[in-house]
Structures are given as C-alpha cells and as structure tokens.
Amino acid sequence: GYGNERVDIDTNVINVEASYKGPKLEKIEDISSDWVKSLMEYQRDRNVLHKKYACMIVMKARELFEADKSLVDITRGDDEEITVCGDIHGQYYDLLNIFKLNGDPSKENPYVFNGDFIDRGSFSVEVIMTLLSWKVCYPEHFFMSRGNHETAQLNKLYGFYGEVLHKYDNKVYELFNDLFKHLPLSHCI
C-alpha cells in the first residue's frame, strides 16, 4: 500500500460475531453524536471497534476528505469559537480529557486536529477511530489535517503499523494509509 492504488474493503462480507458487544452500524448514515459517545465509552475500557464498522467509517471519512482541497478554509464569526488541537499521538485518555474540558464536538463546538493523531502512544487506533467518527458525524464542523506521522514511512517506525496488525490486520492498515493520503495539509480559519 505505498502506491496510488485505492484500497477498498467490502464490509458486506465481514461477519460480526454474536459475542461483539460494542456499538454497531447498520449503515454509515446512522452515525450520530450519541453513537460516537458510545464508541468513546466502549473504547475507554480498552475495547476495539469491530473491523466491519471501523472500515465503514474509514472509507466514509476518506470520501469526505477526497472532496476537500489541501487547504481548507473555515469561516467563524467574530464571536464564535473553534478548538484547535495538535499531536495527540495515540494518547486516547488525553483525547477524552480534551473533550471533557472543551465539550464534545458539535455544530456549535467545532474542532480542528492538526495531524499526528497516531504513533508513540498505545491507543492510536482508538484515537483515529474517534476522530474519524466525529468527522463523519459533523463533516462541516470537525476538521483534520495530515501530520508527518500520517505516512507509512513514519507510522511503521513509531508503532501504528504494529498496533493495527494487533487489533485488525494488514488490509485495514493499508486502508488507513490510503485515507491519510487524502487528508488536507492545512486549514485557514
């Protein structure tokens, strides 16, 4: 998965075991703020979102990013706030704390995450799945930029690759790296 070939996974053939107790998605349009909050709670206890739903979210987020330019303009009124965050680096519990302190993302409470979501920390999958879920939920009010760790060269070296192989598989890793190629490089607020 280093070239320009598109990576897709047919989620219709992925079986969800009866033993899976986490959040479920019949269709991607079912993602709501309540669904993302349930995902955050599920992952808080070191549970991993099922591969079927993870792939659905990654592919939908990629579609949203593909429609963006590499410089995304964000317009906010003089009296409107926006939270800008950087370098979460797989620190899931820090991410949860950011949302606790600043409020969950919403149309009234937009966020920009400036790359380096993954690597170094042990919960890069949980971080990226939470961020992508919020992006799918609020595509016009939740923004993500590509950092230097959203590349195969660095994320193989700093831990994301091994974590995705442990929690999912190589095909899902390739899907993540295909998504990273479509992340915007910057935002102008």
Side-chain angles (χ1 to χ4, degrees), residues 6-7 23 25 28-41 43 49 53-121 123-152 154-155 158 160 164 172 175-189:
R6 184 175 181 86
V7 177
L25 274 176
I28 197 68
E29 294 77 22
D30 292 341
I31 288 191
S32 64
S33 62
D34 286 340
W35 190 92
V36 182
K37 290 174 195 174
S38 73
L39 170 65
M40 289 165 49
E41 282 303 310
Q43 293 180 144
L49 180 64
Y53 310 128
C55 292
M56 289 169 67
I57 292 164
V58 172
M59 289 188 293
K60 178 60 179 179
R62 179 183 61 194
E63 178 186 312
L64 294 169
F65 293 128
E66 281 175 330
D68 273 339
K69 297 182 169 115
S70 50
L71 167 61
V72 176
D73 288 307
I74 302 170
T75 304
R76 301 295 297 157
D78 290 342
D79 58 341
E80 294 177 302
E81 293 188 6
I82 188 165
T83 302
V84 181
C85 304
D87 295 57
I88 300 295
H89 276 304
Q91 301 296 330
Y92 184 63
Y93 299 95
D94 290 351
L95 177 63
L96 294 180
N97 202 39
I98 288 169
F99 292 143
K100 183 178 176 186
L101 293 172
N102 294 295
D104 288 325
S106 68
K107 291 180 179 175
E108 299 74 32
N109 192 30
Y111 278 82
V112 176
F113 281 85
N114 277 326
D116 290 0
F117 323 117
I118 59 170
D119 287 336
R120 297 196 177 122
F123 303 100
S124 293
V125 165
E126 290 77 3
V127 167
I128 194 71
M129 290 316 307
T130 299
L131 297 178
L132 294 176
S133 295
W134 281 121
K135 177 64 180 176
V136 171
C137 184
Y138 295 115
E140 303 299 320
H141 300 87
F142 194 89
F143 305 92
M144 297 168 66
S145 299
R146 186 177 188 177
N148 63 317
H149 283 262
E150 282 74 48
T151 62
L154 278 188
N155 67 44
Y158 287 97
F160 184 64
V164 175
V172 174
L175 182 64
F176 275 120
N177 272 291
D178 190 32
L179 164 100
F180 295 155
K181 294 175 195 170
H182 298 285
L183 284 168
L185 301 179
S186 57
H187 292 83
C188 181
I189 302 172

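Side chains included, hydrogens not; waters and symmetry mates left out as well; all remaining heavy atoms used.
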Novice: Taking atom CD1 of Ile28 and atom NZ of Lys60, what is their separation to the nearest 0.5 Å?
Specialist: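 Ile28 atom CD1 to Lys60 atom NZ measures 7.5 Å (nearest 0.5 Å).
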Novice: Looking at every non-hydrogen atom in both residues, tell me the closest pair between His141 and Ser106 and how far apart they are.
Specialist: CB-O, 3.8 Å
Novice: Let's go through Val58 and Leu132 carefully: what are the C-alpha distance in whole Å and the side-chain angles of both, what is the deciding distance for side-chain contact (heavy atoms from CB on, under 4.5 Å) to 0.1 Å, and is it a yes or a no?
Specialist: CA-CA 7 Å; Val58 172; Leu132 294 176; 3.9 Å; yes
Novice: Has the side chain of Tyr92 got a donor or acceptor atom that lies under 3.5 Å from a matching backbone atom of Met40?
Specialist: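 Such a contact is found between Tyr92 side chain and Met40 backbone.
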Novice: Report the relative orientation of the aromatic rings in Phe160 and Phe176; use parallel for angles under 30°, tilted for 30 to 60°, perpendicular for over 60°.
Specialist: perpendicular
Novice: Tell me, do Ile31 and Leu25 make a side-chain contact under 4.5 Å, heavy atoms counted?
Specialist: yes
Novice: Judged by atom type as modelled, is there a donor-acceptor pair below 3.5 Å linking the side chain of Gln43 to the main-chain atoms of Glu126?
Specialist: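 It does hold such a pair.
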Novice: What is the minimum heavy-atom distance between Met129 and Leu39, and which atoms define it?
Specialist: O-CD2, 4.0 Å
Novice: For a quick test of reading the model, state the closest non-hydrogen atom pair linking Cys137 to Ser33 and the distance between them.
Specialist: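 Shortest heavy-atom separation between Cys137 and Ser33 comes out as SG-N, 3.4 Å.
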Novice: To check you understand the geometry: which heavy-atom pair defines the closest contact between Tyr138 and Pro105, and what is its length?
Specialist: CE1-O, 3.3 Å
Novice: Mind checking whether Phe142 and Phe99 have parallel, tilted or perpendicular rings, split at 30° and 60°?
Specialist: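 Answer is tilted, since the angle falls between 30° and 60°.
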Novice: For the atom pair CZ (Phe65) and CZ (Phe143), what is the distance rounded to the nearest 0.5 Å?
Specialist: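 Between atom CZ of Phe65 and atom CZ of Phe143 there are 10.0 Å.
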Novice: Any donor and acceptor pair, going by atom type alone, linking the side chain of Asn109 with main-chain N or O of Asn102 inside 3.5 Å?
Specialist: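 It does hold such a pair.
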Novice: Grab the two heavy atoms, one from Ser145 and one from Leu185, that are nearest each other, plus how far apart they are.
Specialist: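 Taking Ser145 first and Leu185 second, the nearest heavy atoms are CB-O, 4.2 Å.
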Novice: State, to 0.1 Å, how close Val136 and Leu64 come at their nearest heavy-atom pair, and which atoms those are.
Specialist: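 Closest heavy-atom pair between Val136 and Leu64: CA-CD1, 3.9 Å.
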Novice: Test His149 against every option in Asp119, Asp87, Asn155 by the side chain to side chain donor-acceptor pair (under 3.5 Å) rule and name the one that passes.
Specialist: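 Filter result, single survivor: Asp119.
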Novice: With rounding to the nearest 0.5 Å, note down the distance linking CG in Asp104 to CH2 in Trp134.
Specialist: 4.5 Å
Novice: I need the Gln91 CD to Ile98 CD1 distance, nearest 0.5 Å.
Specialist: 10.5 Å
Novice: Which pairs, with at least one residue in residues 128-152 and sequence neighbours excluded, count as a salt bridge (Lys or Arg N to Asp or Glu O under 4.0 Å)?
Specialist: none
Novice: Please check if the side chain of Asp116 supplies one atom and the backbone of His89 the other of a donor-acceptor pair under 3.5 Å.
Specialist: no
Novice: From Ile88 CD1 over to Ile128 CD1, what is the distance, rounded to the nearest 0.5 angstrom?
Specialist: 10.5 Å
Novice: Can you label the angle between the Phe113 ring and the Tyr111 ring as parallel, tilted or perpendicular, going by 30° and 60°?
Specialist: parallel
Novice: Quick one: OG1 on Thr130 to CZ on Phe117, what's the gap to the nearest 0.5 Å?
Specialist: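 Between atom OG1 of Thr130 and atom CZ of Phe117 there are 12.5 Å.
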Novice: Quick check against the 3.5 Å criterion: does Asp178 have a side-chain atom that pairs as donor or acceptor with the backbone of Val7?
Specialist: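 Here the side-chain-to-backbone pair exists.
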Novice: Report the residues that fulfil side chain to side chain contact (heavy atoms under 4.5 Å, CB included) with Leu71, sequence neighbours left out, ordered by chain and then residue number.
Specialist: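 Residues passing side chain to side chain contact (heavy atoms under 4.5 Å, CB included) with Leu71: Ser186, Cys188.
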Novice: Is Glu66 atom CD crowded by more than 12 heavy atoms from other residues, nucleotides or ligands, each under 6.0 Å away?
Specialist: yes
